[in-house]
Structures are given as structure tokens and as C-alpha cells.
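All values reported here derive from a predicted model rather than from experimental measurement.
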Amino acid sequence: MSFSGKTMFISGASRGIGLAIAKRVAADGANIALVAKTTEPHPKLPGTIYTAAKEIEEAGGQALPIVGDVRDGDSVAAAVAKAVEQFGAIDICVNNASAINLGSIEEVPLKRFDLMNGIQVRGTYAVSRACIPHMKGRENPHILTLSPPIRLESQWLKPTPYMMAKFGMTLCALGIAEEMRDAGIASNTLWPRTMVATAAVQNLLGGDEAMARSRKPEVYADAAYAVLSKPAREYTGQTLLCEDVLVDSGVSDLSVYDCIPGSELGVDLWVDTPNPPGYRT
């Protein structure tokens with residue numbers, strides 16, 4: 001399908017994965033309403049909401065940059081109202097905004113805990129809740145939340161604060177899938193098997209070495225495009241991995257997404273292997 005004329009509301013799309021997803025859909029001629037806090041350049045975080053909007057329009061879409069905080073319900077409601085006023089309705093909601101701190105329960109103070117859970121859990125709930133009334137009755141409405149499958153094996157239950165925040169996003173998405181099933185609004189989660197080359201990987205997870213073991217953000221963008229193209233009434237309530245989605249969609253060589261061809265890929269949290277079991281290039 002084409003997303004020409006469709007409207008996506010996405011949180012935290014100033015850079016990285018969120019921006020890549022927005023540009024992928026914008027290439028069809030979609031409308032993109034993006035809400036984020038970054039208005040001024042940061043020395044370690046490239047891009048602002050305004051540079052992202054420019055890239056989206058250069059990709060072929062219409063962009064509406066909205067400065068807002070997903071933790072603030074009034075801010076979210078106002079942002080969604082602006083998007084609906086500009087574009088008429090919402091067809092796609094993407095919960096991308098996230099904060100990361102990989103410290104243990106002894107290392108992460110309540111202020112940082114509240115930040116992560118406020119952005120991840122409260123933000124996902126607030127954005128989804130505000131978008132849903134404007135998605136009902138649309139042709140193929142999808143909510144996509146960028147969070148992992150819930151793994152309860154002992155090695156995946158830490159670090160406690162970040163685990164709680166990311167699993168909270170997934171639980172929210174799965175609950176929405178069931179509550180919105182009769183309305184025909186799909187709700188799924190999407191997560192990469194490998195590390196993805198983002199500012200968080202560069203700054204927090206190992207710098208240039210970690211980036212060299214990562215895949216490009218396009219692996220997430222192409223997988224998201226495939227998920228959002230599925231029939232909403234049939235394809236819902238799933239916790240998906242990017243590479244699995246791509247292989248199921250007919251991609252035969254995932255190495256095109258590697259930042260450095262032939263490198264040993266770093267496996268992401270809550271995932272066992274970098275490629276689907278049995279996958280061969």
C-alpha cells in the first residue's frame with residue numbers, strides 16, 4: 001500500500017530511529033506530525049525538531065513540527081489537536097520517545113527512574129490515548145510502539161529501571177491491542193535484533209566500536225513500514241522483531257543494513273541472536 005495522504009503522529013522524531021521511520025513513510029507523500037522537545041542543537045545529539053521537519057519534507061512528505069513533552073497530558077492533547085486541525089485525522093500513531101539509563105536499582109535515583117517511566121510508559125499511554133479517537137473509522141489505523149518483547153528469563157530482568165520502563169511500553173501496547181480490536185485499530189510493538197546506530201549507542205553503549213557493530217536505522221524504518229502496511233484488523237497484538245518482519249516480507253540479505261559489512265553485530269537487549277533462527281544470506 002501507499003501512505004500518500006495518510007497522517008502519522010510520532011513522538012521523539014528529532015533524530016535517529018524515529019526520524020528514519022518518519023522519512024520512510026514521508027517518501028510516499030504522507031503527512032507527519034512530530035512532537036519532541038529538542039528545539040536547539042545539542043553537542044552530543046544531532047538534529048532538532050525543525051531540522052527533522054525539513055528532512056521529512058525533503059523526503060516527500062508534509063511535516064508539522066510540534067514542541068511538546070509526552071509526559072504532559074495537556075501538551076500531548078494540544079499537539080494531537082494541532083495535527084488533526086492541520087491534516088484532518090490520524091491514521092498512524094508511533095510511540096518512539098524514550099530515555100535510557102542502564103544503571104542498576106542502586107545506581108538510578110528516583111528522579112531518573114521517573115524520567116524513564118514518565119517518557120516511556122506515561123508518554124506511550126498519553127500519546128496513544130489522545131490519538132485513538134481520531135483514528136477510529138480510518139481505512140487502516142495502526143499504533144506502533146518501539147519496545148521489546150517481554151522476556152522473563154533471569155538475564156533479561158535487569159537493569160531493573162530500564163527494564164520496567166521498556167516492558168511498560170509493551171504492556172501498554174498489548175493492552176491497547178485488545179481494547180481496540182473491535183474498533184479495528186492495530187497495536188503492535190517493534191524492536192531490533194541488533195544494536196542500531198543512534199546517538200544513544202554512540203554516547204552510552206560503546207562509542208565508535210559499538211556503532212561499527214550496529215545496523216543502520218533503516219532496518220527499523222523498513223520494518224516499521226512493513227508492519228504499518230499490514231491489515232490492521234488482522235495484524236495486531238504482536239511483539240515483533242525488525243529482522244523477522246523484513247525476512248517475512250521477502251528481504252533475502254540483511255547485510256545491506258550493516259554499518260560495516262561483515263562486522264560482528266552486537267545483539268540488543270531482550271534478544272538472543274542478531275538474525276532470525278535459520279536465516280542465511
Side-chain angles (χ1 to χ4, degrees), residues 1-3 5-13 18 21-22 24-25 30-35 66 68 70-98 117-150 165-191 220 223-242 244-245 248-249:
M1 66 173 291
S2 170
F3 292 97
K6 302 283 188 178
T7 297
M8 170 189 284
F9 188 95
I10 181 169
S11 65
I21 291 173
R24 180 68 180 86
V25 176
N31 308 312
I32 311 293
L34 58 157
V35 60
I66 306 168
V70 296
R71 296 171 294 173
D72 182 338
D74 292 339
S75 177
V76 170
V80 170
K82 285 182 182 178
V84 173
E85 181 182 6
Q86 179 87 1
F87 300 125
I90 295 173
D91 300 283
I92 301 163
C93 168
V94 178
N95 293 300
N96 167 66
S98 191
N117 281 273
I119 293 173
Q120 272 98 297
V121 184
R122 182 182 173 89
T124 296
Y125 185 92
V127 171
S128 301
R129 184 175 186 273
C131 286
I132 283 170
H134 307 286
M135 300 176 72
K136 288 183 175 179
R138 302 300 290 172
E139 181 182 0
N140 197 45
H142 275 266
I143 298 172
L144 185 63
T145 300
L146 308 192
S147 61
I150 294 177
K166 295 307 290 189
F167 281 12
M169 292 178 77
T170 300
L171 287 171
C172 185
L174 293 176
I176 291 169
E178 296 313 312
E179 292 193 346
M180 292 296 109
R181 191 177 290 276
D182 289 345
I185 300 175
S187 177
N188 297 290
T189 70
L190 186 63
W191 190 250
Y220 227 136
Y225 187 95
V227 173
L228 298 172
S229 299
K230 301 286 188 182
R233 286 192 175 275
E234 302 170 16
Y235 202 80
T236 187
Q238 301 191 59
T239 55
L240 304 160
L241 295 174
C242 294
D244 300 32
V245 170
D248 288 345
S249 298

Contact check, side chains of [X] and [Y], non-hydrogen atoms, under 4.5 Å:
X: Arg122; Y: Asn117; result: no
X: Trp191; Y: Thr239; result: no
X: Val25; Y: Val94; result: no
X: Glu139; Y: Lys6; result: yes

Could you give the distance from [atom1] ([X]) to [atom2] ([Y]), rounded to the nearest 0.5 Å?
X: His134; Y: Phe9; atom1: NE2; atom2: CZ; result: 10.0 Å
X: Thr7; Y: Gln86; atom1: OG1; atom2: CD; result: 9.5 Å
X: Ile176; Y: Cys131; atom1: CD1; atom2: SG; result: 10.0 Å
X: Leu146; Y: Thr189; atom1: CG; atom2: OG1; result: 9.0 Å
X: Ser249; Y: Lys230; atom1: OG; atom2: NZ; result: 4.5 Å
X: Ser187; Y: Glu179; atom1: OG; atom2: CD; result: 10.0 Å

Any side-chain to backbone donor/acceptor pair from [X] onto [Y]? Under 3.5 Å, distance only.
X: Thr170; Y: Pro149; result: no
X: Thr236; Y: Ala232; result: no
X: Ser11; Y: Asn96; result: yes
X: Lys166; Y: Ile150; result: no

- Query: Under the criterion side chain to side chain contact (heavy atoms under 4.5 Å, CB included), which of Val227, Val245, Ile143 is the partner of Asn188?
  - Reply: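 So, applying the side chain to side chain contact (heavy atoms under 4.5 Å, CB included) to Asn188 and each of Val227, Val245, Ile143, only Val227 qualifies.
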- Message: Which residue is it: Asn140, Asp91, Leu144? I am looking for the one with a side chain to side chain contact (heavy atoms under 4.5 Å, CB included) to Leu228.
- Response: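 Among the candidates, only Leu144 passes.
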- Item | All side-chain hydrogen bond (donor to acceptor under 3.5 Å, both in side chains) counterparts of Asn95, not counting sequence neighbours |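 For Asn95, the residues satisfying side-chain hydrogen bond (donor to acceptor under 3.5 Å, both in side chains) (neighbours in sequence not counted) are Ser128, Thr145.
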Which pair of non-hydrogen atoms, one from [X] and one from [Y], has the smallest distance, and what is that distance?
X: Leu241; Y: Leu190; value: C-CD1, 4.0 Å
X: Ala130; Y: Val76; value: CB-CG1, 3.8 Å
X: Met135; Y: His142; value: CE-O, 3.2 Å
X: Ala79; Y: Val35; value: CB-CG2, 4.2 Å
X: Met180; Y: Lys136; value: SD-CE, 4.3 Å
X: Gly168; Y: Val121; value: CA-CG2, 3.9 Å

- So, Lys82 and Glu85, do they make that salt bridge, N to O below 4.0 Å? no
- Is it true that atom CZ of Arg129 has more than 12 heavy atoms of other residues, nucleotides or ligands lying nearer than 6.0 Å? no
- Mark yes when over 12 heavy atoms from residues, nucleotides or ligands other than Tyr125 sit less than 6.0 Å from its OH; otherwise mark no.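 Atom OH in Tyr125 is not crowded, with 12 or fewer foreign heavy atoms closer than 6.0 Å.
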